[in-house]
Amino acid sequence: MEITLSQEQRTSLGDDIYKLVINSIDKARKDASIDSKDFFRKKEACKYLNVSNNTFDHFIESGLPYHVVRGITIYSKKELSQFVLEH
C-alpha cells in the first residue's frame, strides 16, 4: 500500500510529528526533574550521572565536591560534570 501526500499535507504531518517529539522531550525532562536544577540531593545526583549509590560514594571518596546547607548535603550540577570529565 502506498500513500501519496500533497506538499501541504507532508509539511503539516512533519510539523505535527515535530511538535509531538518536542512535547515528549519536554515531558521526559520534567518527569526526570533534573534538567532545570543546578543542585541535587544525593539520589538525584546519582540519577543525573547514571551511577549507583555505591559508585557515587566512591566518587565522594575520590574528592567529589559537595556542600552542606543547613544540614542538607547538595551537589552542584556543574561540579558533578566537571568531576566526571576530570576523572
Side-chain angles (χ1 to χ4, degrees):
M1 177 166 77
E2 185 177 321
I3 299 173
T4 305
L5 301 174
S6 69
Q7 182 60 39
E8 182 180 328
Q9 290 171 319
R10 285 191 296 242
T11 300
S12 178
L13 181 60
D15 290 345
D16 290 343
I17 291 170
Y18 178 80
K19 288 175 189 173
L20 178 65
V21 169
I22 292 298
N23 289 339
S24 296
I25 290 170
D26 287 344
K27 183 181 181 316
R29 286 180 173 160
K30 286 179 185 175
D31 289 348
S33 73
I34 61 174
D35 222 26
S36 63
K37 289 186 164 189
D38 291 326
F39 292 91
F40 305 123
R41 303 284 282 280
K42 187 177 185 183
K43 185 175 181 179
E44 296 168 318
C46 289
K47 186 174 182 178
Y48 174 69
L49 294 178
N50 196 28
V51 299
S52 70
N53 188 63
N54 289 342
T55 299
F56 195 81
D57 287 342
H58 290 296
F59 288 175
I60 293 169
E61 291 170 7
S62 297
L64 176 69
Y66 61 91
H67 309 276
V68 180
V69 179
R70 294 187 178 177
I72 298 171
T73 303
I74 57 174
Y75 305 88
S76 161
K77 182 179 185 178
K78 182 178 178 180
E79 291 172 336
L80 289 169
S81 298
Q82 185 176 356
F83 179 84
V84 170
L85 290 173
E86 292 175 357
H87 292 84

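In the hydrophobic clustering of this structure, L13 groups with V21; members are Ile, Leu, Val, Met, Phe, Trp, Tyr whose side-chain heavy atoms approach within less than 4.5 Å, directly or through other members.
To the nearest 0.5 Å, the span separating CD on E86 from CD on E79 amounts to 10.5 Å. Annotation: the span from D16 atom CG to Q9 atom CD amounts to 11.5 Å, rounded to 0.5 Å. Residue I22 holds its CD1 atom at 15.5 Å from NZ of K27, rounded to the nearest 0.5 Å. Of the inter-residue distances, the one linking I60 atom CD1 with T73 atom OG1 reads 8.0 Å to the nearest 0.5 angstrom. Separating the CD atom in Q82 from the NZ atom in K77 is a distance of 14.5 Å, to the nearest 0.5 Å. To the nearest 0.5 Å, atoms NE2 (H58) and CG (L64) are separated by 13.0 Å.
I72 and R41 make their closest contact through CG2-NE, 3.2 Å (heavy atoms, listed as atom of the first residue, atom of the second, distance). Between Y48 and S81, the closest heavy-atom pair is OH-OG, 3.0 Å. When all heavy atoms of S52 and C46 are compared, the closest pair comes out as O-SG, 4.0 Å. The nearest pair of heavy atoms linking G63 to F83 is C-CE1, 3.9 Å.
H67 and F39 have perpendicular rings, their planes meeting at more than 60° on a 0 to 90° scale where under 30° would count as parallel. Ring geometry for Y75 against Y66 counts as tilted: the plane angle lies between 30° and 60°, on a 0 to 90° scale.
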**OP:** Decide yes or no on side-chain contact (heavy atoms from CB on, under 4.5 Å) for D38 and K78, but give the supporting numbers first.
**Re:** CA-CA 7 Å; D38 291 326; K78 182 178 178 180; over 6 Å; no
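Judged by distance alone, the side chain of S12 and the main-chain N or O of E8 form no donor-acceptor pair under 3.5 Å.
Residue F40 forms a side-chain contact (heavy atoms from CB on, under 4.5 Å) with just one option from L49, L80, I74, and that option is L80.
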